[in-house]
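Let me begin by presenting the structure, written as structure tokens, before commenting on it.
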Amino acid sequence: MDVTNRAVAEVLAEISDLLEVHGENPFKVRAYARAAETVRHLSRPVEGMGKDELEALPGIGKAIAGKVAEIVATGTCQELVHLREATPPGLPALLDLQGVGPKTVRRLWKELGVIGTDDLEAAARTHQIRTLKGFGKKKEEEILRAIGAAKNASTRMRVTEAERLAEMVLSAIPGKAWVARSLRRGRSTIGDIDIVTLAPAAETVPVLTGIADEVIDAGEKKISVKIDQKRVDVRFSTSRDLGAMLLYLTGSKAFNIRLREVARTLGMRLNEYGLTDQTTGELMIFRTEDEIFTALGMSPVPPELREDHGEVDLALAGPLPSLVEAHEIRGDLHLHSEWSDGSMSLDKIALAGGSMGYEYILVSDHSASLGIAHGLDADRLARQHQAIKEVNRTSGSECTLLAGIEVDILADGRLALPDRVLQDCDLVIASVHSGFSQDKDVMTRRVITAIEKEHVDIIGHPTGRILGRRPPIALDMERVIDAAAENGTALEINASPSRLDLDDIYIKQAQERDVKLAIGTDAHAPYELTHIRHGVTLARRGWCGASAIVNTWSLVDLMEWCR
DNA sequence: GCCGTTTTCGGCCCGACTGTTTTCAGTCG
């Protein structure tokens, strides 16, 4: 049986949803949801863990440890089977509707016989909902709106799309404003935009109402609108207590809960306005987030780590590990020129690298193979590498071009170019670009075969995912990371906003096993070099310091490493 | 269901906003 942490987490999360629909104790519902999150972000597989080890995990006690063991052994558990039998299958989806929660779902089900979205829509159109006590015309309209919105459900945004939307709103707000929530934490995809502003509500609300497609709600302290199908929340604050508001609105939700628990152990209550002493009732306010961390007896937690993935306990015990910073990056280790499918000449790349302040850039065009236009064969690669030497001699740029290749990992694990060609490269990236649907075992062996190759230095975009378009390939990442550790091969953190591959979970795992990482933009055009910052953010989310990232090293050290 | 530097039982983060309400429940983040 091969049960991944993700699969176990999904079972636990579904139990949580179903318990909620059945009106179970909300704390029990949360217990399952929390356990699901714990398992989802665990840096080692629950499969093979003993009962004691499971129960030592945060939020997992005797009962859920038993469930996890059952799921690992059988792929499911009896509790879930029973809950599913007792629940119309269309019911949990109703929880996703805006304004519809567990209490409402349960009443609609029990009192109107609603068992799915279609029923609900019919009930609303025939005005049955307003017959329920406590429900009215507005609620009915809200439900119809929510169903409509769900039908053209907007997917999560890529980071670049979210940044554009945020910039547009920030520039419209008449006063200082900051981005918060998942965009500030550096999540790879963004659901909605949250902003904190010092601008007065009276001036801001009309402006936002003007640019919004819909106003979800608007009060004295906040306004929520929809722009281009995306939710934008703006919260009003003052410079005197900005710290607590930024902290609260950055989250995550789980992190906020943990922080408030910490405050309670100190006899205080934390909210978005400050810390309240529970005995005197005195409110302490803070201009910065760091002052609040200090007041809670913690080291400051950078936004990228605020997920309740162990950082709170660590910050209570002492300083957190220092994370890589953008200025520490000395070069870009993945880039395509006009020699394959990029748009940049070698001269232009050297120039662009110079203006980024880089010491080096790895020119890593595609190898010739099916599916990639203008990939390089051995002859063209040799000519390109001659041209690279020429540019290094003549460009006058501070930035050295490294002569590399992004060689295809073929379906059987062989590489698309022979060893004698690869050995002449400064650095070799090997990537999967075809045969994405191989099963897990075949795919894992394929990638590990490439990792074991003498001349391969970096595995490019390891899971091959394209956010919102192509799922990750089936890889046993445990085995891949072990193989990378054994062979001294680096894994890439691909900084392209459409990839952001590896995931932060795996970056953390790789680092824990002393696997080196390489950040590359995969740029095909000059402006894409600036995407390096997304790679740095992702590395930080994976708890990465500079020393684990090979392109924070000097050119000499980098060349020494890959030899 | 989980958990313990007051606790192995009795708590469980906290506030904004809305709708259908004369005082609050439900939902959301």
Side-chain angles (χ1 to χ4, degrees), chain A residues 12 15-16 19-20 23-38 54-68 79 94-108 129-143 145-146 180-182 185 191-196 201 205 215-225 231-237 241 244-245 247-276 278-279 283 296-297 308 312 316:
Chain A
L12 295 175
I15 291 175
S16 173
L19 288 173
E20 193 171 31
E24 257 288 2
N25 173 2
F27 298 108
K28 184 171 167 180
V29 173
R30 192 181 124 195
Y32 274 95
R34 173 150 192 248
E37 281 311 291
T38 295
L54 287 172
E55 284 183 40
L57 298 172
I60 297 185
K62 240 179 161 45
I64 294 185
K67 301 274 195 300
V68 171
E79 167 110 26
L94 299 184
L95 288 173
D96 296 335
L97 296 171
Q98 176 83 34
V100 177
K103 296 278 199 305
T104 303
V105 168
R106 196 168 159 71
R107 289 197 57 199
L108 291 166
I129 290 174
R130 63 181 68 173
T131 65
L132 264 46
K133 187 171 166 53
F135 288 46
K137 183 163 173 277
K138 289 262 180 83
K139 190 76 192 171
E140 213 165 67
E141 289 165 357
E142 185 188 14
I143 284 174
R145 259 204 316 279
R181 203 69 74 187
S182 53
R185 296 203 313 280
D192 48 42
I193 304 288
D194 292 76
I195 287 169
V196 179
V205 168
V215 177
I216 298 169
D217 54 36
E220 289 174 6
K221 318 240 169 163
K222 59 180 277 214
I223 172 170
S224 302
V225 299
R231 185 183 175 115
V232 178
D233 291 334
V234 177
R235 194 73 203 249
F236 303 107
S237 185
D241 60 1
M245 187 61 81
L247 186 67
Y248 158 71
L249 213 66
T250 298
S252 71
K253 184 179 171 186
F255 177 83
N256 285 346
I257 291 174
R258 278 287 286 133
L259 231 52
R260 287 165 180 194
E261 286 169 356
V262 170
R264 289 177 72 98
T265 66
L266 301 172
M268 295 185 284
R269 274 188 16 240
L270 174 64
N271 63 20
E272 61 264 52
Y273 304 108
L275 276 170
T276 306
Q278 279 187 301
T279 47
L283 173 71
L296 292 174
D308 190 26
V312 174
L316 282 166

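A note on names: the letters A, B, ... follow the listed sequences, proteins ahead of strands, and every chain is numbered from 1. The structure displayed is predicted, hence computed values, not measured ones.
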Less than 4.0 angstrom from a charged side-chain N to a carboxylate O is my criterion; do [X] and [Y] meet it?
{"X": "A/K137", "Y": "A/E141", "result": "yes"}
{"X": "A/R34", "Y": "A/E37", "result": "no"}
{"X": "A/D233", "Y": "A/R235", "result": "no"}
{"X": "A/E261", "Y": "A/R258", "result": "yes"}

Gap in Å between the two [atom1] atoms, one belonging to [N] and one to [M], rounded:
{"N": "B/dC13", "M": "B/dT27", "atom1": "C1'", "value": "16 Å"}
{"N": "B/dT21", "M": "B/dG26", "atom1": "C1'", "value": "12 Å"}
{"N": "B/dC28", "M": "B/dT20", "atom1": "P", "value": "16 Å"}
{"N": "B/dT5", "M": "B/dG1", "atom1": "P", "value": "23 Å"}
{"N": "B/dC12", "M": "B/dC17", "atom1": "C1'", "value": "24 Å"}
{"N": "B/dG11", "M": "B/dA16", "atom1": "P", "value": "25 Å"}
{"N": "B/dT6", "M": "B/dG10", "atom1": "C1'", "value": "13 Å"}

Seminar exercise, completed: Of A/Y273 and A/E261, the one whose nearest nucleotide on DNA chain B sits closer to the 5' end is A/E261
So [X], base contact, sugar-phosphate only, or nothing? Heavy-atom distance under 4.0 Å.
{"X": "A/L259", "result": "nothing"}
{"X": "A/N271", "result": "sugar-phosphate"}
{"X": "A/A218", "result": "sugar-phosphate"}

Exercise. Can you tell me the Watson-Crick or wobble partner of B/dT8, both distances under 3.5 angstrom?
Worked result: none
For residues [X] and [Y], report the shortest heavy-atom separation together with the two atoms involved.
{"X": "A/Y248", "Y": "A/N256", "result": "O-ND2, 2.9 Å"}
{"X": "A/V196", "Y": "A/S237", "result": "CG1-CB, 3.9 Å"}
{"X": "A/V205", "Y": "A/F236", "result": "CG2-CZ, 4.1 Å"}

How many Å lie between [atom1] on [X] and [atom2] on [N], as a whole number?
{"X": "A/R145", "N": "B/dT18", "atom1": "CZ", "atom2": "C1'", "answer": "11 Å"}
{"X": "A/E220", "N": "B/dT18", "atom1": "CD", "atom2": "C1'", "answer": "14 Å"}
{"X": "A/D217", "N": "B/dG15", "atom1": "CG", "atom2": "C1'", "answer": "13 Å"}
{"X": "A/L283", "N": "B/dC14", "atom1": "CG", "atom2": "P", "answer": "14 Å"}
{"X": "A/R235", "N": "B/dA16", "atom1": "CZ", "atom2": "P", "answer": "6 Å"}

Problem set entry | Gap separating the CG atom of A/D194 from the OG1 atom of A/T250, nearest 0.5 angstrom | 8.5 Å
Problem set entry | Rounded distance [0.5 Å steps], NZ in A/K62 versus CG in A/L54 | 12.0 Å
Problem set entry | Nucleic acid footprint by protein, nucleotides 20-29 of chain B - heavy-atom cut-off 4.0 Å, B for base, S for sugar-phosphate alone | SS----SSSB
Exercise. Using a cut-off of 4.0 Å between protein heavy atoms and nucleotide atoms, how would you tag nucleotides 1-8 of chain B 5' to 3' with B, S and -?
Worked result: BSS-----
Seminar exercise, completed: Residues passing the salt bridge (charged side-chain N to carboxylate O under 4.0 Å, His left out) test with A/K222, sequence neighbours excluded, are none
